[in-house]
Structures are given as structure tokens and as C-alpha cells.
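Quick note on labels: first sequence line is chain A, next is B, and so on, each numbered from 1.
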Amino acid sequence: MDAAAKPEFIIECTNVSKWFGDFQVLKDINLKVRMGEVIVILGPSGSGKSTLIRSINRLEEHQTGRIVVDGIELTHDLKNIHEVRKEIGMVFQQFNLFPHLTCMRNITLAPMQVRKLKKEEAEETAMQLLERVGIPEQADKYPLQLSGGQQQRVAIARALAMSPKIMLFDEPTSALDPEMIKEVLDVMLDLARSEMTLLVVTHEMGFAREVADRLVFMDAGEIVEIGDSQGFFDNPTAERTKLFLEQIL
Amino acid sequence: MGWFWQALALLGAVGAVFFLFNNMIQELQTQRNIVFSYGWVGQVAGFDISESLISYDNGSTYGRAIVVGILNTLQVAIVAIVFATIMGLFWGIVSISTNYLARRIAIVYVEVFRNVPLLVLLYFWYQGLFLQLPRLADAIELPGPTFLSIRGLYIPWGIPTDSWNGYLLALLLGVLCGAGLVVFLRQREIRTGQTYFKTLWGLGVFLLIALFGWIALPAPLTLSQPVKEGLRIVGGNAYSPEFISLVTALSVYASAYVAETVRGGILAIHHGQQEASFALGLTRLQSLRLVILPQAMRVIVPPLISEYLSLTKSTSLAVAVGYPDFFHTTAKTTLNQTGREVEVFLMVMMVYLFLSLATSALLNWYNSHFQIKER
Amino acid sequence: MRMTPAPQELAPPILRRSWPAQVRTLFFRNWSDTLITLASVTFIVLLLQPALRWILITARWEVLGANLAILLRGRYEAEAAWRIWVCLGLIAVSAAMAAGTWSGKFTKGFGAILILPLVLILIPVFNAPIRLGLLALSALMGLGFVLGAYGPQTHMGNVTVALLTLIIPLSLVLLYGFAQEGPMQVTPPRIWGGLLLSLILALTGIVFSYPLGVLLALGRRSKLPVVRILSVAYIEFVRGVPLIALLFMAVVMLELFVPNRFPTIEGIVRVAVALTLFSAAYMAENVRAGLATIPAGQVEATWALGLNGIQTMVFVVLPQALKAIIPVTVNQFISLFKDTTLVALVGMLDLVGMGRAVLGNPAWLGTHKEIYFFIGVLFWLLNYSMSYGSRKLEQRLDTGIEQSRA
């Protein structure tokens, strides 16, 4: 691959807006993400965080503005959407593992069907990923036989199996019991230290402070403030950010 | 992509319909020399109908014969629905009672009648029981007096006198007062928070007015009792064996489904609801009346409406015993006489579709008004 | 290391009650309970006494013995009857294999179906060859189950699916035959009748309406308005009209729609097609309900992995939805099996039609109760065992979709 030909930003959102009926969930969002950056998005519930990252792989359609991912603009063209989705992994709050497939089949499904890998190849990669997330012994179990933390780690392995350039995390620890949060965060920390581009919506402030290259604070559909980890927590500029941090810290 | 598939589907459907339609037109015009028309509806039918709610003889028109059929269908359906509901409620409640024996009987009842074809039940009752009854002269006399014979069921019946129309007005007044009281009490409930037995109060007022009207007006109905006179039975009201077996089969068959729906509906209410209402200090009766039943009704009513529709469609089995319902008078007798297959079946489809769409509309209305609102 | 000694583990207390006490708690807990019990006993006695008297004394059961063959297989030749048994055997084996492969464990539900042939053996009017055949069926089902549950696992699923799809066409060929003479001599469908015809109509109906129903359900959910409207129109039309009207149309009107140059279509094919088209509309609604149980997150997760719409349906949504509707599908089969009796009203000689034909014989005048009781019992045994089996299966098939939706 020719690195020079690559655009500077892997994700570019320009003046993105979206409405649910009359209600505007995204207001004129501008966000540019560099290759390898770790971005943590914070904000009160209903502020549009999830909608924003779901727009990046077009699980939500934005109505105005442009979103360009890895040089491809997201439009109604189905072909483009599939191209983009192949490059983006996503981890959901509710895991969304496929309950009728074993963990192994959950992970190998997309590589085999989309990337057309051979079964053996796909399973080998899947096994490596399961080892990376620390649960190789659960390969042949069904998702509902696992604990929440284990399920979320399988979900991360499933997303990684497509070797994505970008990973989106939509509140990955919010549905977990407290004792299971750490095992998932550890896997995410490991990812953050690699070259992967990460967009994370979370309420885990410790995690945000530790790994985020930049922090994005959203409220009422707007990006209120973008700052680096140090500046954001220690002296936020916007009044709304201060208020939010006071409530939560 | 999408447009391609749509165009293909449309082309396929239109092509198929055109092919069939074209064949039909050709067949009708070249082979049978028939032009599509409903002109025959106004012509004299020339056949007899064994029972009818409105005046009809073989000089009446096809149109009138069809109306007679529709009324008969509705009569069977309504009577069967009433019995199915009463029996279904009874067995449904018994099937969750605490008494072991009663519960078993209810479960056996439901399982027997749900797993046997309706047509077999109908034939068993009609040919096996009602047509094996004694002749009219030896009719079985039951208390009432009620007579059962191969010619049907004779029961006592009220015959309207001159004051009947006035009494109907009194009844209407009763309904209005009762309903008014229910609405008034509901408003009061909302305002004050005090709960009332609204339905009981409403019913009480209605009965009171009905009773008062009966006394005030000189006997709106006189009782006519069936009496054996030699080889005949006179007086009372008679129901043909076809009608009784049809109503019996339909209502017993449907009652098994109603019972299952009622049982399922009550059991569907989460145990936690009852615990929560007990924890709030409600008595068992209060909990049932204020918490469990209002929720259970939401689960029970929609499938119940579908079961009523399915029962109404099943009245078309009347053709098996020769009861002159809509399907029988139209798709069998009228068709045989006129040979107008297309027009007759179009009419049959339209009437049943109308019933079905009306039911769906009712269901949708119920769901949108009474279902629990969620985010 | 424990600081305090572990508490002595106690066995749970055994509440042993004398049997009079048990009877009391079951039947006579308080006065209202006692009243209900007494009423129930009276009800049973009043009902059972005349029923038993009829069954044991007055009923003329010889009508069944004399007409057993035509009630069960119509005018299908006795010499070719072994072909029916082979078909039943094939169906029994593949159904049992399916149960074994997918549930993997012997369940009460499957047990109920396994003992069905044994229960049928107890029907007094059956003769020795029929009883032997039923015994063999039971054995075959046991074998199929063991094969499915404990056989080589790798390809068992595929083999079972292949068997299930092939079994009906294969059975039809076997029943029809293909030779001019000899053991496989052609037996025209005209002479298929009795229980055989009822079963054929129900099985072909369910097998062919299944894929049709899936397509209609997908059509109803389609984003393409034309496809959606056509599917909805079909489903609502068929569900709005009584089956008997469709059967009359198939028999009376089909001539009009088919060009004269086509050969006349056999009655059995007409009613089979009508039943299939009828059943498909109901199947579509079942599948739609199944699809509705799949949480939106499942589809989103699949899209996020880059799979397209068709892949999402095939690998994620349909497998879960179709598994979720197995019990409703069994119920629909039962209801279709009951509905096949309506073909008797358009002149087909199914079980009920054959019963009517027997009753038309002056020798058997007045045996209506016997005939319809027998038909009712046959239907009841087959349907009840199937519905019992599917209810038990439902408890095991709980895929946990509810939990993951949380």
C-alpha cells in the first residue's frame, strides 16, 4: 500500500445533520479523525453520541452534510456502504452475538461470506483472536452459555476478524456487571495501544483519560468541545463540559 | 437493483392474472356464450329455502335469496359466538382453578375438541345424534317444556304484544341510563380517585328500569309454550336439526379455543404483578379486579376477535348439513341454477373479505386504544 | 482456609403425608372445593355412563372391521399396500432423525410421538398386519432418532435436511408407481382415498406451503412497494375467505382459467393445490411473527460486519426465525390436517368422504356414530401426540432470544 496516496484523515464528517422526525439528533457535526487515533466521545444520554458513531458505518443515515470514510463517501449507493462496512468493526452495547451460532461460527461468518476466506483460514484467525481476547476455550460454546463479559469479548473478536481499519465501540461496558467491565476494558486498552483507529462512546472516565488521544464532548446533538485528554479533564473551556464533568467525576 | 425485482414481480403478477383472465373470457364467450353481468340478481330464483328470517318464497329474486343466506349466516354466527364465549370462559376459568378434578376435566375438554376436525364433530352431532332422535310424535320432553325430535328443538318463546314497541323504548332508556352512570362514575373515579363497581352499578340501573317497564306496561310479551297436539307440536319456537347441530358443533369447537385463550391470557400476566399488588395491601379480589383482569383482557381480546372471525368463516360448513347459510344459498343453489361461476364466486369472496376486513379494522382499533403504551 | 467450621449440611425435610391427607389436599381442602369436586364427579358419571354403555354394548363396531381397508387407504389395491407402509417408514425415519439431530436429547415430546404407533396398536378394530406394521414404524422411529442423535455429527444436519425435502416427492413417486405391471404398477391418484388421502393432502400441503410462506413473509417485509403490496394482497385475500370457498373454486372454476388445450387436472391435484395456497398464507403470517422476534440488533450487527441483505437473511435472520416457529408450524400442520376433511364436501374420498360412502351402503344404515367416532379418535390421537410433542419441544427450543434482547 502506498502510504503517501492516503488522505490525511480516515474519517471526515463535514456539517453532518440528522433528524428523527422533527427532532434534530445531530446538529452540524464536524469531526476529522486521523489514522491510528483513539477518540473517546462523552456526553449525557440522548446527546447523539451513539447516533454519530452509528452514522459512520451507516446504521443510521445522515440527512445533510458529508461523511467520508477511508476515501469513500457514504451515500445511498449500497456498494459503497458494503465497502465501508468491511473496513469498520463495531461493538454494541447489547453484544448482538448470533445466538444460533457457536462463538467460532460467530467470528468466522463474515470472513467466510464477505472476504471469501477458506474455512480453515478463517478458523485459524478466529482462534488467534479468541486467544487475544483471552477465551480460546469457549470457541465451541453458544453465546448465551457465556457471561456478559465473555460475550462482549467474543463480539470484539468477531469485529476484529474482518481486520478492520477502524473500530467503533457503542457503550461496550454499559450492559455489564461491574466485575466484568475490567476484562473488556483490558482488551480495548490492548487495541488502543496498537495502530487501530478507535471511536469509543463510553462512560468509563478512567479509560477515557488513559487512552484517548482526543476527547469529544457532545450535548443536545452538538459537539461542544474537542480537546486532548489532559486539557479536557483539567480545564475544560465550555460551560456545559464543566457542568457535565462536575456531575460525573 | 430494487426496481428490477419490482418490475419482475409486477410483470409476473400481471402476466399471470392476464393469462388466467384471458382464458376465462375466451372460455365464457366462445364456449358458453355468457357475458359478465349481475342481471340475474333481480330474476326470480324459483327455489325454496327451508328457513328464513325474512319473508321468502320461490317467487322471490336471487338477490333476496342471497340476503336470506347472509342473515342466516349471521344468525348462526352470533348464536354460536355467544355460546362459545360463555362455554369458553367457563372452561378457561375452570382450567386454572385450584380444584384438581375440575382442572383435569377442563383440560380434557379443551384437548378433545381442539384436536378433532370441525366437520367430524358436525357430522357426529347431525347424523349421529340429531337425526337419530325420535319422530315428532314421540318427541322427547324436557323440562321447560322443551321438545327434542328429529324435526328439531322446540322451546318456549315470547310473543310480542301491542306494548312491545313501547317496552323496547324503555329498554333503550335503561341502556342509556346505565351507560351514562358508568361514564359518570368513571369521571368521578378520575377526579376523586375513589373506585366504584361501575359495571355492577350500570347493570343494576338497567335491570331496574327494565323491571319497572315490564310492570308499568301491560305485558309486552306473552309466553308461548310448545304443546304436543297429536302428531304435531304447536306454539313456542322451533329450531331445525341443521341449525342446532351447526350451532352446537361451532360453539363447542370454538369454545375449546376460547378457553385456551382465556387461560393463556390470565397466566400471561406476570406473577410479579400479583405479588406487587399484594405487597401494596390489595386483597385477592381487588388485585384480580384492578390489576390482573385489566391486563389479561388486553391479551385475551385480540385473539378472541380472530377466533370469532374464524368461527364466522366456518359457518360455511353449513353446506355439509344443508343449512341455507350464505355460502349454501349462493355458491351452491344459486350457482347450480344460474351457472354464473365468475359472478357468484366474486360475490362470495367480496362478502367474506368484507367481514374479514371489518374484523381487522376492529382489531386495529382495539389495539391502538387499549394496548399498554410503551416508548 | 476457613476460619469458621462449615455449617452441617442438612438434608431437606421430607414432608410425608398420609394418603387420606393427600386426598384431602387434592379434592376437599375447604367446603367450596368439596362442592366443586362433587359436581365434577357427578358430571363425569353422567357423561361416562351412557358413553360407556354405547361403546361397550350398543355400538355396532363390526362396521369398522368390515370397511377398515377402504377407510384407511380407499381403493388403493391391497397388493400394493406395502408401498404405503414403505412411505410411512421413510417419513417416520426422517422425522425421527430430524428430532434426534436438532434436539440431540431424548425428550418427553419425542417419547409421545414414539409411542403413538404403539397406542394405535391398541385400537381394537385393527388387524394383525396393521399392528405389525405399526410396531415396525415405532422401531424405525427409534432407530432414526438414535441415528440422528448419536450418529456421525458432521454431516447429519445436511443429510436430514436433504431427507426432509426429498421425502414427499419420493413418497409420491412410490405411491404412484412407474411400471405397466409388476410390484410397481401405476396406481392412479383417483383411487387414493381414506386416511391415506388425508395424510397425503396434509403432508404435501405443509411441505409445499412452507417455502411459499417464507417467500410471502419476506415479500411482506420487503422495502419494494410492489412486492410488498402483492404479498399483502395475497395473504389477506386468502385469509379472509373460507377454505371451503377456495376448494369449491378449485373444483368448479379451474376449468375456466386453464386453456382448453391443457389436459383435465385430476381432482386430487386441484384440492392439493388449493390446500397448499391456503396454507401458504397462514404460514406467511407465522414466518412474519418469527421474523418479528429477531431483535434489530441482530441485523445491525450483521450489517456492521459487512454482510449484505441476502446474506443477513440466510445466515442470521432466517435460521433464528424458522427455529422459533417450529412449534407454530406443527400447530399449523395439525390445523391443516383437520382442514383436509373439507375436501369431502367437494366429492373427494378422504377419511370423512370414505366414511360417508360407507354410510351410503344400506347394510350399514344408522352406524353414523360409530364411523364418525372412529374418524374422530384417529384424528385426535395423531393430532394430540403431535401437539404434545411440539409443546415439549418448545420448552427445549427456547433459543434465548428474549434474554439477549435484554
Side-chain angles (χ1 to χ4, degrees), chain A residues 50 53-54 56-60 78-101 105-116 140 142-146 148 151 154-155 157-164 166-170 174-176, chain C residues 98 101-105 153-158 160-161 222-224 287 290-327 393-406:
Chain A
S50 290
I53 71 164
R54 286 160 61 85
I56 290 169
N57 67 351
R58 214 175 168 78
L59 288 181
E60 305 284 355
L78 275 172
K79 200 89 194 140
N80 278 352
I81 296 173
H82 286 302
E83 278 314 305
V84 166
R85 282 177 179 162
K86 277 193 222 171
E87 307 303 331
I88 304 181
M90 180 153 189
V91 177
F92 299 84
Q93 182 177 358
Q94 298 296 349
F95 328 139
N96 290 343
L97 289 173
F98 307 130
H100 63 303
L101 303 176
R105 287 278 292 138
N106 260 282
I107 299 172
T108 57
L109 178 69
M112 282 168 63
Q113 297 305 327
V114 181
R115 295 240 190 263
K116 309 289 177 204
D140 292 322
Y142 284 89
L144 295 175
Q145 297 170 312
L146 307 184
Q151 286 189 51
V154 174
R158 179 176 73 176
L160 289 174
M162 290 291 286
S163 346
I166 307 167
M167 285 281 279
L168 307 175
F169 287 85
D170 188 0
S174 299
L176 296 177
Chain C
T101 314
W102 286 314
S103 81
K105 212 168 82 180
Q153 280 298 308
T154 38
H155 296 298
M156 223 50 198
N158 298 337
T160 316
V161 168
S222 167
K223 284 198 210 74
L224 314 173
V287 176
L291 292 174
T293 64
I294 309 302
Q298 290 287 311
V299 177
E300 286 179 356
T302 324
W303 284 350
L305 287 170
L307 273 72
N308 63 30
I310 295 172
Q311 288 169 329
T312 304
M313 265 300 151
V314 172
F315 294 108
V316 176
V317 177
L318 277 182
Q320 295 185 59
L322 296 185
K323 193 171 173 187
I325 62 162
I326 288 178
L393 196 67
E394 193 169 7
Q395 290 161 9
R396 266 192 61 81
L397 274 181
D398 187 12
T399 46
I401 289 167
E402 288 299 319
Q403 295 156 24
S404 67
R405 187 157 34 180

Quiz item: Tell me, side chain or backbone of L59(A) under 4.5 Å from chain C's heavy atoms, or both, or neither?
Solution: side chain

Quiz item: Among all residues two or more places apart in sequence or in another chain, which pass the side-chain hydrogen bond (donor to acceptor under 3.5 Å, both in side chains) test with R54(A)?
Solution: E60(A), E300(C)

Quiz item: Measuring from W303(C):CH2 to H82(A):NE2, what's the distance to the nearest 0.5 Å?
Solution: 9.0 Å

Practice problem: Find the one option among M162(A), R158(A), E83(A) whose heavy-atom pairs under 4.5 Å with chain C are most numerous. | Solution: R158(A)

Quiz prompt | Under 3.5 Å: donor-acceptor pair, side chain of N96(A), backbone of G297(C) | solution = yes

Quiz item: From Q113(A) CD over to F315(C) CZ, what is the distance, rounded to the nearest 0.5 angstrom?
Solution: 3.0 Å

Self-check item: Rounded distance [0.5 Å steps], CE in M112(A) versus CG in L307(C)
Solution: 11.5 Å

Quiz item: Given that the side chain runs from C-beta out, which part of F95(A) has a heavy atom under 4.5 Å from chain C: side chain, backbone, both or neither?
Solution: neither

Exercise. Calculate, to the nearest 0.5 Å, the distance between atoms CG and CG belonging to N57(A) and L305(C) respectively.
Key: 10.0 Å

Self-check item: Closest contact, heavy atoms only, R85(A) versus G306(C)
Solution: CB-CA, 3.8 Å

Quiz item: Can you find a heavy atom in the side chain of P295(C) that is under 4.5 Å from one in the side chain of Q94(A)?
Solution: no

Quiz item: Nearest 0.5 Å, what's the CZ-CD1 distance between F98(A) and I294(C)?
Solution: 11.0 Å

Self-check item: CA sep, side-chain torsions, deciding dist, call: L109(A), V316(C), side chain to side chain contact (heavy atoms under 4.5 Å, CB included)
Solution: CA-CA 10 Å; L109(A) 178 69; V316(C) 176; 3.9 Å; yes

